[in-house]
Chemist: 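Take this structure, written in structure tokens, and hold onto it; I'll ask about it next.
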Amino acid sequence: MNARENDDLIDKAVEVLKENDRGTYTVPTKGLYPFQWNWDSCFTALGQGYYDEARAWTEIETLFQHQWPDGMVPHIVFHVRDDGYFPGPDVWQTGRPTATSGITQPAVAGFAVRRLYERAKDRESAAVRARALLPKIDAWHRWFYDRRDPRGEGLVAIIHPWESGRDNSIDWDAAFARVPTHGVAPYQRRDTQHADPAHRPTKEQYDRYLWLVQHFRGLCWDNSRLHDASPFQIVDAGFNAILIRSCVDLADLALDLGEPALAETNRQRASKAIAALDALWSEPHGQYLCLDRLTGELIDSASVGGLMPVFAPIAKARAAAIARTIEKRAAAARFIVPSHDPADPRFDAKRYWRGPAWLVVNYMIADGLTAAGETEVAARITGSSLDLIEESGFAEYYDPLTGEPLGGGRFTWTAAMVLEFLRAA
Ligand code: DGY
């Protein structure tokens, strides 16, 4: 790509970000996702920082204004009424002053805030705003290890597939089958009115998503009870890796801002988690796997979630093995990184997290590979991501075999990642 094409792409990406900007928060895309989503917002802020640092800080501050008293940061904040999305506040019934969902999402904030702080041109304002966010992010991390690792094993569990962000991954299939489908109040999906149903989760999966929501609602969203009461408790390697990375980044940031105790706590959380993560490594797959906490067994499913730990400071040898695994996947797909191994018969190139490639995931993997010295594979991922944009625009996700754009269009975090990739290229 020449400089002019680069500039063009930057302009287009900024246009998408601004189009979805609602002043103090950004929607992932019009129609399909009309509210603020937790990890979307943190990635979005990185893109906004490219053209408006103050606006980028606001994005994350708005999210944390809706942090729960126990420390959890919810996965959706329903800032406005919009019946175009299901399930809305009347289904969640979390009783928060501004309605929110009752579950969380990957803990990207620590990573994003450190990155915003490091890049800031307005150093003074960045220090003030980062310092104010520090204890809030720390409280979220504490919540994770208290509430989602009640036995102190070092790794946290998700209790709903939506928490992982990889809603319908093949990783969840076996454990999700334990979640009942009966007794779910009648409902009408909205997502399939905005996106092709063949690219979205199935009706049976939605029944189970809803069953879990109803179950947790019946327990009054009391996080001291939800983990143990959930029939779905999964230790997701990717989810934990993001949390570990955020602990490490928050620790560095805290040191810089003169908060050594907060730094030490987060460093200890990360060290314990990195040691525990190794039990999820699978030599035959050349990647990490998820653990089903209720059966105590590793889940035989080679998804991208098991490649994401390279985003955390894992051992060099593990990062190198992940790079080799990605090279193998690249031989089977035109675009990388597919969200599931194309060699697995369960792979589905078009259905959400069962095959398609996602730019935020590519970004985290490329970032980790670069830090581990695997620069060639990282550059391939960056190149493939930009090729997808050029060929198919700012989609939610892409068919890794054909490059076809899938899901929602003019997608915020995809645009944000393009700005990040161009910065790195
Ligand atoms: C959805 O509605 O598809 C979301 O992924 C849930 O957060």
Side-chain angles (χ1 to χ4, degrees), residues 20 25-44 63 66 72-94 96 99-108 158-172 176 179 184 187-217 221 232 234 236 238-239 242 303-305 339 348 350-356 358-361 395-397 406-409 411-414:
N20 292 332
Y25 69 95
T26 311
V27 300
T29 185
K30 259 186 274 174
L32 185 59
Y33 300 121
F35 313 108
Q36 182 175 28
W37 262 260
N38 185 327
W39 70 327
D40 289 73
S41 260
C42 294
F43 286 117
T44 298
L63 178 67
H66 302 278
M72 186 188 78
V73 184
H75 100 294
I76 307 175
V77 183
F78 298 104
H79 292 282
V80 290
R81 237 204 111 71
D82 192 321
D83 292 335
Y85 179 82
F86 177 85
D90 48 325
V91 177
W92 292 94
Q93 294 176 25
T94 55
R96 300 292 304 144
T100 73
S101 69
I103 55 172
T104 193
Q105 248 185 349
V108 183
I158 53 163
I159 58 170
H160 192 298
W162 284 341
E163 291 198 311
S164 69
R166 299 187 295 114
D167 300 8
N168 67 341
S169 169
I170 291 164
D171 291 350
W172 325 135
F176 211 29
V179 176
V184 174
Y187 64 93
Q188 195 192 356
R189 281 175 70 172
R190 299 289 181 185
D191 57 314
T192 43
Q193 293 168 348
H194 301 288
D196 185 337
H199 305 166
R200 295 284 305 171
T202 61
K203 149 102 174 86
E204 192 186 314
Q205 282 161 344
Y206 254 77
D207 286 348
R208 297 189 208 277
Y209 296 147
L210 267 296
W211 188 92
L212 284 174
V213 171
Q214 282 185 199
H215 180 55
F216 300 147
R217 191 179 71 203
W221 299 107
F232 182 87
I234 302 288
D236 171 10
F239 190 92
I242 293 172
S303 81
V304 78
S339 50
D348 181 340
K350 296 196 194 307
R351 207 180 272 279
Y352 214 29
W353 287 95
R354 300 176 79 86
W358 294 71
L359 257 62
V360 283
V361 170
E396 185 178 4
Y397 45 98
L406 305 167
F411 219 84
T412 304
W413 73 4
T414 305

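Whatever order the structure lists ligands and atoms in, that order sets their numbers, starting from 1.
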Chemist: With nothing but distance in play, are any N or O atoms of Gln105 less than 3.5 Å from an N or O of ligand 1?
Modeler: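 No, there is no polar N/O contact under 3.5 Å.
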Chemist: Between the side chains of Arg166 and Ser303, does any donor sit under 3.5 Å from an acceptor?
Modeler: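 Ser303 and Arg166 do have a side-chain donor-acceptor pair below 3.5 Å.
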Chemist: So Trp413 and Trp358, would you call those rings parallel, tilted or perpendicular, with 30° and 60° as cut-offs?
Modeler: perpendicular
Chemist: Using the ring-ring contact (aromatic ring centres under 6.0 Å, His included) criterion, which residues pair with Phe216? Sequence neighbours excluded.
Modeler: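 Partners of Phe216 under the ring-ring contact (aromatic ring centres under 6.0 Å, His included) test: none.
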Chemist: Any idea which atoms of ligand 1 are less than 4.0 Å away from a heavy-atom of Trp162?
Modeler: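 Close to Trp162: 6 (C).
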Chemist: Considering Tyr209, Trp39, Tyr85 one by one, which has a heavy atom nearer to atom 6 (C) of ligand 1 than any of the others?
Modeler: Tyr85
Chemist: Considering non-hydrogen atoms only, spot the tightest contact between Ser164 and Asp236 and give its length.
Modeler: CB-OD2, 3.7 Å
Chemist: For Ser101 and Ile76, indicate whether the former's side chain and the latter's backbone hold a donor-acceptor pair under 3.5 Å.
Modeler: yes
Chemist: What atoms of ligand 1 come closer than 4.0 angstrom to any heavy atom of Asp167?
Modeler: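 Once the distances to Asp167 are compared, the set is 1 (C), 3 (O), 4 (C), 5 (O), 6 (C).
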Chemist: Backbone, side chain, both or neither: what part of Tyr352 comes under 4.0 angstrom of ligand 1, heavy atoms only?
Modeler: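 Contact part for Tyr352 vs ligand 1: side chain (C-beta onward).
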Chemist: Could you list the atoms of ligand 1 found under 4.0 angstrom from a heavy atom of Arg200?
Modeler: 1 (C), 3 (O)
Chemist: I'd like to check which ligand 1 atoms, numbered from 1 as shown, lie under 4.0 Å from a non-hydrogen atom of His75.
Modeler: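 Close to His75: 6 (C), 7 (O).
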Chemist: Ring centroid separation for Tyr209 and Phe176, is it under 6.0 angstrom?
Modeler: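 Centroid distance Tyr209-Phe176: below 6.0 Å, so yes.
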Chemist: So, does Tyr33 sit close enough to ligand 1 that a heavy atom of it is under 4.0 Å from the ligand?
Modeler: yes
